[in-house]
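Everything numeric in this text was worked out from a predicted model, so none of it was measured.
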Amino acid sequence: MAARFLSTAQIFLIAAISSMVATIYMRIFVKETSGRIDSEPLNQPILVDNGEECSQSKSVSQSFKEVLPLKDIFCLLKSSVTLSLATVIAFLNGLGEGGQQTPYLYFLKARLQYNKDNFAVLMLIGYTGAAIGQLFLMPRLAPITGEEAILSVSCIAGFISMLIVSIAWAVWVPYVANLLPIIAFLTRPALQSIVSKQVGPNEQGIAQGCIAGISSFGNILSPLIYTPLTDLFLSEKAPFNYPGFNLFCVGLAWLIALIPSMMIQFGTKNSRLKIRDGGCTLDA
């Protein structure tokens, strides 16, 4: 919203000041709390199973002070079918989210002559829709349809959004397509909720960190894939006349992610995984 009224130089300055103010505010007013005085806050579980208070064993507390070995990470991701599928979805979602950044904006600028104000309106529509979806739709739909169904629908919405933009013929078309992130942006919270149910309360940070790391790896690879495609299909050397083919490929990542999401939705429920010193165990 501010980009509509500020110059480019002022935007960077105000963004930097806002970040510093947010950090100072958090440092002053957000207090660290701990359920138990004799234990560190980072060792406390995020969730409590079935309303019961979780006891912190000495071995578990000690394991959180050390870097998790790679063998335990692979054990975490491979011992549960749902977690393995979630890993694939996280990677593909990372590819898609990365493609929605620089390659997406570059395409709109080159193809539809978007400027700063157009980008501001586009992002305002998209992120407002995402906020509405995560604040109001997710809490109401999840108990009814389940996170697995939401995950599948959000993957479809992400693909359709990119498909529409890839064939955009007017400036207003991406605006309409950007209404779909109301659903498409539910991919990450739905995935995190599914992963959360697969591990115990003491392993939430480990599991979510692994999934976030896989998604970040997809974000890193995304520009290496989509930037050359964008340049190629917007040039005169394109193999065929489809300037938005790069965005179609961005949406294709979500379409492929639909397959493992459907496997989670209609697959067998998995046992809850717990990480112990020296390996992983599955609880019935």
In one Ile/Leu/Val/Met/Phe/Trp/Tyr side-chain cluster, 4.5 Å: [X], [Y]:
X      : Y      : value
Leu180 : Tyr127 : yes
Trp169 : Leu179 : yes
Leu85  : Val153 : no
Ile220 : Ile225 : no

Compare all side-chain heavy atoms of [X] with those of [Y] and state whether any distance is below 4.5 angstrom.
X      : Y      : result
Leu229 : Pro103 : no
Glu147 : Gln192 : no
Pro223 : Thr102 : no
Leu95  : Trp254 : no

**Request:** Please work out which of the three classes, parallel, tilted or perpendicular, describes the rings of Tyr114 and Tyr175, given edges at 30° and 60°.
**Result:** tilted

**Prompt:** What class does the angle between the rings of Phe29 and Tyr25 fall in, given that below 30° is parallel, 30 to 60° is tilted and above 60° is perpendicular?
**Reply:** tilted

**Prompt:** Got a donor-acceptor contact below 3.5 angstrom from the Gln134 side chain to the Phe185 backbone?
**Reply:** yes

**Message:** Whether the side chain of Ser222 engages the backbone of Gly218 through a donor-acceptor N/O pair (distance < 3.5 Å, no angle test) should be reported.
**Reply:** no

[X] to [Y] - nearest heavy-atom pair and separation:
X      : Y      : value
Leu258 : Ser152 : CD1-O, 3.5 Å
Ile89  : Ala257 : CG1-O, 4.0 Å
Gly244 : Ser166 : O-CB, 3.1 Å

**Asked** Asn241 and Phe233: side-chain contact (heavy atoms from CB on, under 4.5 Å), yes or no, with the steps?
**Response** CA-CA 8 Å; Asn241 185 23; Phe233 280 90; over 6 Å; no

Using 0.5 Å steps for rounding, measure from the [atom1] atom of [X] to the [atom2] atom of [Y].
X      : Y      : atom1 : atom2 : answer
Asn115 : Leu108 : CG    : CG    : 11.5 Å
Leu122 : Leu112 : CG    : CG    : 10.5 Å
Phe248 : Tyr242 : CZ    : OH    : 6.0 Å
Leu255 : Met162 : CG    : CE    : 13.5 Å
Asn118 : Leu105 : CG    : CG    : 11.5 Å
Ile164 : Phe159 : CD1   : CZ    : 10.0 Å

**Request:** Assert yes or no for the condition that the ring centre distance of Phe245 to Phe240 is strictly below 6.0 Å.
**Result:** yes

**Prompt:** Are a donor atom and an acceptor atom from the side chains of Thr227 and Tyr106 found within less than 3.5 Å of each other?
**Reply:** no

**Message:** Quiz question: by atom type and distance under 3.5 Å, do the side chains of Arg188 and Ser215 form a donor-acceptor pair?
**Reply:** yes

